[in-house]
**Student:** 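Take this structure first; my questions come after.
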Amino acid sequence: MERVHYERPDGSTAPYSSAVRAGTTVHVSGQLGLGADGKLAEGFEAQARQAMDNVAKVLATMGLGMEQVVQCTAMITDRGQWSAFNTIYAGYFRPERLPARNALVAAGLPMDALVEVGCSAYGP
């Protein structure tokens, strides 16, 4: 039977895990553009970069990197920002290894964030 590992940062009061490994798959919860100080970065592009950096950090806690990502879900609050988001997002992946993706425009995100990104990765 495969083991399931739940990653929760020390002191977290959130009602979910930041990542869950189930067999060879790691699921990363949606990440906002929060810096180490717990505050949102200023502006859409800064939040998008920080959200992607946060995905990478969570993956690293599970022993993985962005090269193992196979699927992402991206949510933004302003559909006019898709081009900017795509430019930032694509910079985190090799062109020949782009993950599958779901993209949504959200009416609102936690903490009034402008972008949220979650993903799944293959990590044997």
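Because the structure is a prediction, the values reported are computed rather than measured.
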**Student:** Is the backbone N or O of L34 less than 3.5 Å from a side-chain atom of N54, with the two atoms forming a donor-acceptor pair by type?
**Tutor:**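 Pair found, side chain donor or acceptor close to backbone of L34.
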
**Student:** Measure across L59 and A121 and return the closest heavy-atom pair with its distance rounded to 0.1 Å.
**Tutor:**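 Nearest pair, atom of L59 first, then A121: CD2-CB, 3.8 Å.
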
**Student:** If you group Ile, Leu, Val, Met, Phe, Trp and Tyr by side-chain heavy-atom gaps below 4.5 Å, do W82 and M52 land in one group?
**Tutor:**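 Per the 4.5 Å side-chain linkage, W82 and M52 are co-clustered.
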
**Student:** Taking the side chain as every heavy atom from C-beta outward, state whether V69 and C119 have any atom pair closer than 4.5 Å.
**Tutor:**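 They are in side-chain contact.
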
**Student:** Closest heavy-atom contact between V115 and A51?
**Tutor:**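 In this case the closest contact between V115 and A51 is CG1-CB, 4.4 Å.
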
**Student:** For F93, does the CZ atom sit with more than 12 other heavy atoms under 6.0 Å from it, leaving out its own atoms?
**Tutor:**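 Result for CZ/F93: enclosed.
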
**Student:** Spell out, yes or no, whether M66 and L64 are grouped together once hydrophobic residues are joined by side-chain heavy atoms under 4.5 Å, including indirect joins.
**Tutor:**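 Result: yes, single cluster for both.
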
**Student:** Contact between F85 and V117 at the side-chain level, heavy atoms closer than 4.5 Å - yes or no?
**Tutor:**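 The answer is yes, as the side chains (C-beta and beyond) meet within the 4.5 Å cut-off.
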
**Student:** For the backbone of S17 and the side chain of S29, can you confirm whether one donor and one acceptor N or O come within less than 3.5 Å of each other?
**Tutor:**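 Side chain of S29 to backbone of S17, a donor-acceptor pair under 3.5 Å: yes, one is there.
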
**Student:** Could you give all pairs that pass the side chain to side chain donor-acceptor pair (under 3.5 Å) test and reach residues 59-72, with sequence neighbours left out?
**Tutor:**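 Every pair satisfying side chain to side chain donor-acceptor pair (under 3.5 Å) with a residue in residues 59-72: Q71-T73.
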
**Student:** With a 4.5 Å limit on heavy-atom distance, are the side chains of P99 and Y92 in contact?
**Tutor:**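 No, every pair of side-chain atoms sits at 4.5 Å or beyond.
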
**Student:** To the closest 0.5 Å, what do you measure between CD (E116) and CG (L104)?
**Tutor:**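 So the CD of E116 and the CG of L104 are separated by 10.5 Å.
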
**Student:** I want to check a possible cation-pi pair here: R101 against Y89, using under 6.0 Å from ring centre and within 45° of the ring axis as the test.
**Tutor:**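 Ring-cation test returns yes.
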
**Student:** Ignoring hydrogens and angles, tell me if any N or O in the side chain of N102 forms a donor-acceptor pair with the backbone of A74 under 3.5 Å.
**Tutor:**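 Checked: no pair found.
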
**Student:** Of all heavy-atom pairs between T77 and A113, which one has the smallest distance, and what is that distance?
**Tutor:**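 Result for this residue pair: CG2-O, 3.5 Å.
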
**Student:** Within this structure, what is the CD1-CG distance for the pair I88 and D53, rounded to the nearest 0.5 Å?
**Tutor:**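 One finds 10.5 Å between CD1 of I88 and CG of D53.
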
**Student:** Supply the atom-to-atom distance R21 CZ to M62 CE, rounded to the nearest 0.5 angstrom.
**Tutor:**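 Answer rounded to 0.5 Å: 5.5 Å.
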
**Student:** Determine, stepwise, if the pair Q81 / L114 fulfils side-chain contact (heavy atoms from CB on, under 4.5 Å).
**Tutor:** CA-CA 10 Å; Q81 295 290 350; L114 303 174; over 6 Å; no

**Student:** If the test is side-chain contact (heavy atoms from CB on, under 4.5 Å), which one of M75, Q50, M111 qualifies with L32?
**Tutor:**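 Result: among M75, Q50, M111, M111 is the only option passing the side-chain contact (heavy atoms from CB on, under 4.5 Å) with L32.
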
**Student:** Please round to the nearest 0.5 Å and tell me the distance separating atom CZ of F44 and atom CD1 of I76.
**Tutor:**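 Reported to 0.5 Å precision, the distance equals 4.5 Å.
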
**Student:** Under the side chain to side chain donor-acceptor pair (under 3.5 Å) rule, what pairs show up with a residue in residues 36-47, not counting sequence neighbours?
**Tutor:**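 Found none.
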
